[in-house]
Amino acid sequence: MSDTPSDGTPKLDTSVAHNARVWNYWIGGKDNYEVDQRVGEHVAGMFPIIRAIARADRDFLGRAVTHLAAERGVRQFLDIGTGLPTVDNTHEIAQRIAPDARIVYVDNDPIVLAHARTLLTSSGEGVTDYIDADVHDPAAILERAARTLDFTEPVAVMMLGILNFVLDYDKARDIVRQVLAAVPSGSFLVLTHPTFDDALGGAGQIPAMKFWNENATPPITARSGTDIAAFFDGLELLEPGLVSCSQWRSESDSAGAVPQFGAVAVKP
């Protein structure tokens, strides 16, 4: 089935499971189809912690945005790889703290686009915009985001669970470098990424991702903590550094680790 009709706009393909919809299913959302549920259940059977990873990633987003808006004075957010809107999206968290915050979301799944246009509404004082673009094309993202964001002022670049869909490691690092080069000193990189490191119980990711890549889209990869840490080269990590995203500034001392690294770093 073609993903792009003759007018050039993305076409919704409900015959193949898609990450945005399966992720929505794992966190208890309703914006998914039978194929997404079927693949999601199979992956969860192979790797039962996946639902905990999805929830931990979402909770990490909330803590990171809250810290940046409330404690660091960030008023601009570039959220690349938005996924389907759910409760407490980036703009809702940021604009509760700072109603004048400006947020640009980036994704390229047609169902995400449709929901974003209706659900991602801004506060009166701030701005919320949506870009239909691919993470593999950072130049296009930056060009279009500049229509809403002021790149002479700090920007929090959000890359939660998105670089794992850039299979070539050098390309993934280059994407981060290109985006961070466009924002000024005092900007932030907020990133999560799945790992196969045994220390976080990530070995089970490998067979589950193999099944995913054979039965869903887009293809995905996990990486080592060492490789994930390199995305932050040239930046200064905020405490507690690169850790399981469930344990980054967690409100609970007993939060268990999940095999998904998370960190926030500032551009000096």
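No experiment lies behind these values; they were computed from the predicted model shown.
The distance from the CG atom of Leu191 to the CD1 atom of Ile228 is 7.5 Å, given to the nearest 0.5 Å. To the nearest 0.5 Å, the span separating CZ on Arg63 from SG on Cys245 amounts to 7.5 Å. Rounded to the nearest 0.5 angstrom, His136 NE2 and Ile141 CD1 are separated by 10.5 Å. In this structure, the separation between OG on Ser187 and CZ on Phe151 is 8.5 Å, given to the nearest 0.5 Å. Between the CG atom of Asp57 and the CD1 atom of Ile27 there is a distance of 9.5 Å, given to the nearest 0.5 Å. Remark: Ser246 OG to Phe261 CZ distance equals 11.0 Å, nearest 0.5 Å.
Smallest separation of non-hydrogen atoms from Asn32 and Arg21: CB-O, 3.4 Å. Nearest heavy atoms, Pro154 versus Ser185: CG-O, 4.1 Å. Across all non-hydrogen atoms, the minimal contact from Val22 to Gly40 is CG1-CA, 3.8 Å. Across every non-hydrogen atom of Ala133 and Arg144, the tightest pair is CB-NH1, 4.4 Å. Taking each heavy atom of Ala216 and Val16 in turn, the nearest pair found is CA-CG1, 4.0 Å. Nearest approach of Val39 to Phe211, heavy atoms of both residues: CG1-CE2, 4.1 Å.
For the pair Ile103 and Asp129, the minimum side-chain heavy-atom distance is 4.5 Å or more. Using a 4.5 Å heavy-atom threshold, the side chains of Phe77 and Arg102 count as separate. Side-chain contact between Phe47 and Ile53 is present, with at least one heavy-atom pair separated by less than 4.5 Å. By the 4.5 Å heavy-atom criterion applied to side chains, Thr66 and Ile97 are counted as neighbours. Here the side chains of Pro207 and Met46 are in contact, with some heavy-atom distance below 4.5 Å. Put simply, the side chain of Gln260 does not reach to within 4.5 Å of the side chain of Ser244, judged on heavy atoms. The shortest distance between side-chain heavy atoms of Val176 and Phe232 does not fall below 4.5 Å. The shortest side-chain heavy-atom distance between Asp79 and Val104 does not fall under the 4.5 Å cut-off.
In the displayed structure, Glu34 atom CD is contacted under 6.0 Å by at most 12 heavy atoms of other residues, nucleotides or ligands.
Residue pairs meeting the salt bridge (Lys or Arg N to Asp or Glu O under 4.0 Å) criterion with at least one member in residues 160-180, sequence neighbours excluded, are Arg173-Asp233. Sorted by first and then second residue, the side-chain hydrogen bond (donor to acceptor under 3.5 Å, both in side chains) pairs involving residues 215-225 (not counting sequence neighbours) are His193-Arg223.
Trp212 and Trp26 have tilted rings, their planes meeting at an angle from 30° to 60° on a 0 to 90° scale.
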Atom pairs and distances, donor-acceptor, side-chain atoms in residues 156-167, under 3.5 Å, two or more places apart:
unit_1, atom_1, unit_2, atom_2, d
Asn164, OD1, Ile162, N, 3.3

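When each of Thr82, Thr148, Val106 is tested with Ile131 by the rule side-chain contact (heavy atoms from CB on, under 4.5 Å), just one qualifies, namely Val106. The one candidate from Val155, Val183, Leu68, Leu180 that meets the side-chain contact (heavy atoms from CB on, under 4.5 Å) condition with Phe188 is Leu68.
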**OP:** Evaluate the criterion salt bridge (charged side-chain N to carboxylate O under 4.0 Å, His left out) for residue pair Glu92 and Arg96; output intermediate values, then yes/no.
**Re:** CA-CA 6 Å; Glu92 293 169 317; Arg96 276 201 299 268; 5.6 Å; no
**OP:** Go through the steps to decide whether Thr192 and Arg58 satisfy the test side-chain contact (heavy atoms from CB on, under 4.5 Å), and finish with yes or no.
**Re:** CA-CA 10 Å; Thr192 62; Arg58 193 72 191 178; over 6 Å; no
Subject >> Intermediate values then yes/no, side-chain contact (heavy atoms from CB on, under 4.5 Å), Asn213 and Ile220 >> reply: CA-CA 7 Å; Asn213 291 344; Ile220 191 170; 3.5 Å; yes
**OP:** Could you please spell out the steps behind the side-chain contact (heavy atoms from CB on, under 4.5 Å) verdict for Arg55 and Val258?
**Re:** CA-CA 10 Å; Arg55 290 191 295 269; Val258 297; over 6 Å; no
**OP:** Show your working on side-chain contact (heavy atoms from CB on, under 4.5 Å) between Val135 and Ile175 and close with a plain yes or no.
**Re:** CA-CA 8 Å; Val135 67; Ile175 289 168; 4.2 Å; yes
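Side chain of Tyr33 to backbone of His18: no donor-acceptor contact under 3.5 angstrom is found. Counting only distance, with no hydrogens or angles, the side chain of Asn108 and the backbone of Asp132 share no donor-acceptor pair below 3.5 Å. In terms of modelled atom types and a separation under 3.5 Å, the side chain of Asp150 and the main chain of Thr152 share a donor-acceptor contact. Although no hydrogens or angles enter the test, the distance criterion places a donor-acceptor pair under 3.5 Å between the side chain of Tyr130 and the main chain of Asp107.
Ile49 and Phe196 fall into different hydrophobic clusters, where Ile, Leu, Val, Met, Phe, Trp and Tyr are joined by side-chain heavy atoms under 4.5 Å apart, directly or via other members. Put simply, Tyr169 and Ile80 are part of the same group of oily side chains (I, L, V, M, F, W, Y) that touch within less than 4.5 Å, one to the next.
For Glu41 and Arg51, the salt-bridge test passes: some basic side-chain N is under 4.0 Å from an acidic carboxylate O.
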